[in-house]
Amino acid sequence: MAEIPYRYAPDNKIENLVEKHSGLEAGQETSDVVTVAGRLMLRRVQGKLAFGTLDDGSGRIQLFAPSKVTPDFEDFCNLNLGDWIGINGAVMTTKRGELSVRVESWSLLAEARRPFPDKWHGMTDTDTRYRQRYVDLWVTEEARKAFQTRSRMISLTRSFLENLGAMEVETPIFHPIPGGANARPFVTHHNALDLDLYLRVAPELYLKRLTVAGFDKVFEIGRVFRNEGLSTRHNPEFTMLEFYQAYADYEDIMALVEELVEHLAIQLTGSTILEIEGRAIDVAKPWRRATMTELVQESIGVSVDLDTPLKQLRDIADKHEVAYKDDYGPGKLILEIYEKTTESSLWDPVYVTDYPVEVSPLAREHRTIEGMTERFEAIVAGKELCNGFSELIDPEQQRLRFEEQASQNELGDDEAMVVDEDYLRALEYGLPPTGGVGIGIDRLAMLITGVSSIRDVVLFPTLRPEQK
RNA sequence: GGGCCGCUAGCUCAUCGGGUAGAGCAGGGGACUUUUAAUCCCAAGGUGCCGGGUUCGAGACCCGGGCGGCCUACCA
């Protein structure tokens, strides 16, 4: 068998060939001589005639190899499933009408020295699929599709934001002070500086520094890291989109997010109606807006607000088996009640608005409602898709909020923020009115591709290392 | 972190009231010039996740551990 070449030059993708020749009748031969390369997925040898199925990642096409035409016919028949091969020959159809490439010359490009999974059943063990994604992606069509969709989704998102005139930036992943979200960070150490650094839990505070700097629309799509448990909805590293727009408030940002999601749904699935867990969901804009307290009222029939006595809020929490700590104020209690009793039952897209100041350290106070902020979360299919607000721009208020967080942190809440003096200094130079949002890209990809585990949209999800 | 379930050949799965493991596919050998998961014949393939225990005898039963899944708890 010939040596493996150093390069090979396919001139067609299979999906294009299939599209181009879709109307061809049985027993036809075209003058289209093509070179394609990919993996041999199936093989049917019949003595002096062999058939194969080649998959190049874009699609599959049959290989037609008569011994009279195909050089080194014996070797061709002895190829293993999973071998990489390059094929050159005419596009034709067989007697049965199957579109094929006749194998007039071929090259072995890589041997599959390990047996491929069962050609019919594929790979079903989820653990093996995640650990050996390189096999899963060949063998599991839906897996490959999902990642292609994810890639296109991010690309479309990027151009959507660029069309708004937004600039993409990259801010530090190593943070000397963790901040921008309530989450436990990963810690690492820089030797030369002899300095502990935190992997970012959010890019938020750096992006708003850039708004101070005069970049009036900025966004970042990047990995963030949270030292938390794993689940079907949580991977310790995940991709966050954050966007900030100067002169805008949370209403503007809500309009933008629903526009984006509708756009993505149409571009990627052809419809605003998606399917999640077998259930339809329409993400067409506009999405409903409702305050947190309104939704709690609808869900459990009790009216709560920041003036409701603590005792009463605790009774409600007890009644619905919502856990809380003694130091929770009314704001935190209301949030907990909302999250435990209401959030997961919301199906159609809804913007939940007006979060208590107590639980929103970076959001600007509501323009009319005391104790609330102009913050929103979009809940889609019972899950949080994004979190945004009119940004808190006042350095003195921000300091008080940080100090409140810091004291929580002192008391042992390792998800609470600490005071970031440099961020306060930036605010002192002046942050204009600004609206911002963070969108979990993985969650969005789950929504668009209709999968129910984040591991189906993360190529190499975090797993315990294999033990030998 | 808690509850439930799973782990048998490279892959997909069987087996039994505890008696020493079997099939399809893949891989090897052979037949076959229009197949579509091609088909047919032959041979080979196993530390039954790991470690203890009960038993004359354990892949099956008990205990401990590992890894994974689902549900549940938290952040997106």
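What you see below is based on every heavy atom in this structure, not just the backbone, and it leaves out hydrogens, waters and symmetry mates. Lettering follows sequence order; numbering is per chain, from 1.
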Please tell me which of the listed nucleotides, [options], lies nearest to the side chain of [X]?
X: A/N80; options: B/U34, B/G28, B/A37; value: B/G28
X: A/D118; options: B/A37, B/U33, B/C25; value: B/C25
X: A/T94; options: B/U36, B/C74, B/U33; value: B/U36
X: A/W120; options: B/A37, B/U12, B/G69; value: B/A37
X: A/S231; options: B/C74, B/C32, B/G69; value: B/C74
X: A/K340; options: B/A38, B/G69, B/C74; value: B/C74
X: A/D127; options: B/A38, B/C74, B/C67; value: B/C67
X: A/L81; options: B/C13, B/U72, B/G27; value: B/G27

Using a 4.0 Å heavy-atom cut-off, does [X] contact any base of the nucleic acid, only the sugar-phosphate backbone, or nothing at all?
X: A/V45; result: base
X: A/E384; result: sugar-phosphate
X: A/G122; result: sugar-phosphate
X: A/K68; result: base
X: A/I441; result: nothing
X: A/Q62; result: base
X: A/N235; result: base
X: A/R43; result: sugar-phosphate
X: A/R226; result: base
X: A/G47; result: base
X: A/R102; result: nothing

- Whether A/T30 side chain and A/V91 backbone form a donor-acceptor pair below 3.5 Å: yes
- Backbone N or O of A/L79 within a donor-acceptor pair of the A/R43 side chain at under 3.5 Å? yes
Can you tell me the Watson-Crick or wobble partner of [N], both distances under 3.5 angstrom?
N: B/C7; value: B/G66
N: B/A38; value: none
N: B/G18; value: none
N: B/G59; value: none
N: B/A26; value: none

Check whether any side-chain heavy atom of [X] sits under 4.5 Å from a side-chain heavy atom of [Y], and report yes or no.
X: A/R223; Y: A/L199; result: no
X: A/I316; Y: A/T341; result: no
X: A/Y328; Y: A/L313; result: no

Mind checking the [atom1] distance from [N] to [M]? Whole angstroms is fine.
N: B/U15; M: B/G19; atom1: C1'; value: 14 Å
N: B/U8; M: B/G46; atom1: C1'; value: 8 Å
N: B/C13; M: B/C7; atom1: C1'; value: 13 Å
N: B/G2; M: B/U39; atom1: P; value: 49 Å
N: B/A60; M: B/G64; atom1: P; value: 15 Å
N: B/U47; M: B/A21; atom1: C1'; value: 14 Å
N: B/G59; M: B/U54; atom1: C1'; value: 16 Å
N: B/G48; M: B/A14; atom1: C1'; value: 13 Å

- Base B/G69 to side chain A/D125, donor-acceptor N/O within 3.5 Å cut-off: no
- Note on the structure: Residues pairing under salt bridge (Lys or Arg N to Asp or Glu O under 4.0 Å) where one sits in residues 144-161 of chain A, two or more places apart or in two chains, turn out to be A/D55-A/R144, A/E141-A/K145, A/R150-A/D442, A/R158-A/E168
Side-chain N,O ([X]) to OP1/OP2 ([N]) below 4.0 Å:
X: A/R455; N: B/G69; value: yes
X: A/R131; N: B/G68; value: yes
X: A/T124; N: B/C13; value: yes
X: A/R44; N: B/C40; value: no
X: A/N78; N: B/G27; value: no
X: A/K119; N: B/A38; value: yes
X: A/T126; N: B/G68; value: no

Figure out the [atom1]/[atom2] separation between [X] and [N], and round it to whole Å.
X: A/R129; N: B/C11; atom1: CZ; atom2: P; result: 15 Å
X: A/Y338; N: B/C74; atom1: OH; atom2: P; result: 13 Å
X: A/Q132; N: B/G68; atom1: CD; atom2: P; result: 14 Å
X: A/L40; N: B/U36; atom1: CG; atom2: C1'; result: 14 Å
X: A/Q28; N: B/U34; atom1: CD; atom2: C1'; result: 15 Å
X: A/D136; N: B/C11; atom1: CG; atom2: P; result: 14 Å
X: A/F73; N: B/U34; atom1: CZ; atom2: P; result: 12 Å

- Query: Do the side-chain N and O atoms of A/D318 and A/Y324 include a donor-acceptor pair separated by under 3.5 angstrom?
  - Reply: yes
- Note on the structure: 5'-most contact on RNA chain B (nearest-nucleotide basis), A/M123 vs A/F64, goes to A/M123
- Residue whose nearest RNA chain B nucleotide is more 5′ - A/M240 or A/P115: A/P115
- Which pairs with one or both residues in residues 376-389 of chain A pass side-chain hydrogen bond (donor to acceptor under 3.5 Å, both in side chains), sequence neighbours excluded? A/E277-A/K383, A/Y355-A/E377, A/R375-A/E377, A/R375-A/N387
- Task: Would you sort out whether A/K285 and A/E259 count as a salt bridge (Lys or Arg N to Asp or Glu O under 4.0 Å), showing the intermediate values?
- Result: CA-CA 7 Å; A/K285 62 175 186 176; A/E259 172 84 32; 2.5 Å; yes
- Show the numbers, then the answer: is there a ring pair (Phe, Tyr, Trp, His ring centres under 6.0 Å) between A/F51 and A/F64? CA-CA 5 Å; A/F51 298 90; A/F64 178 79; 5.7 Å; yes
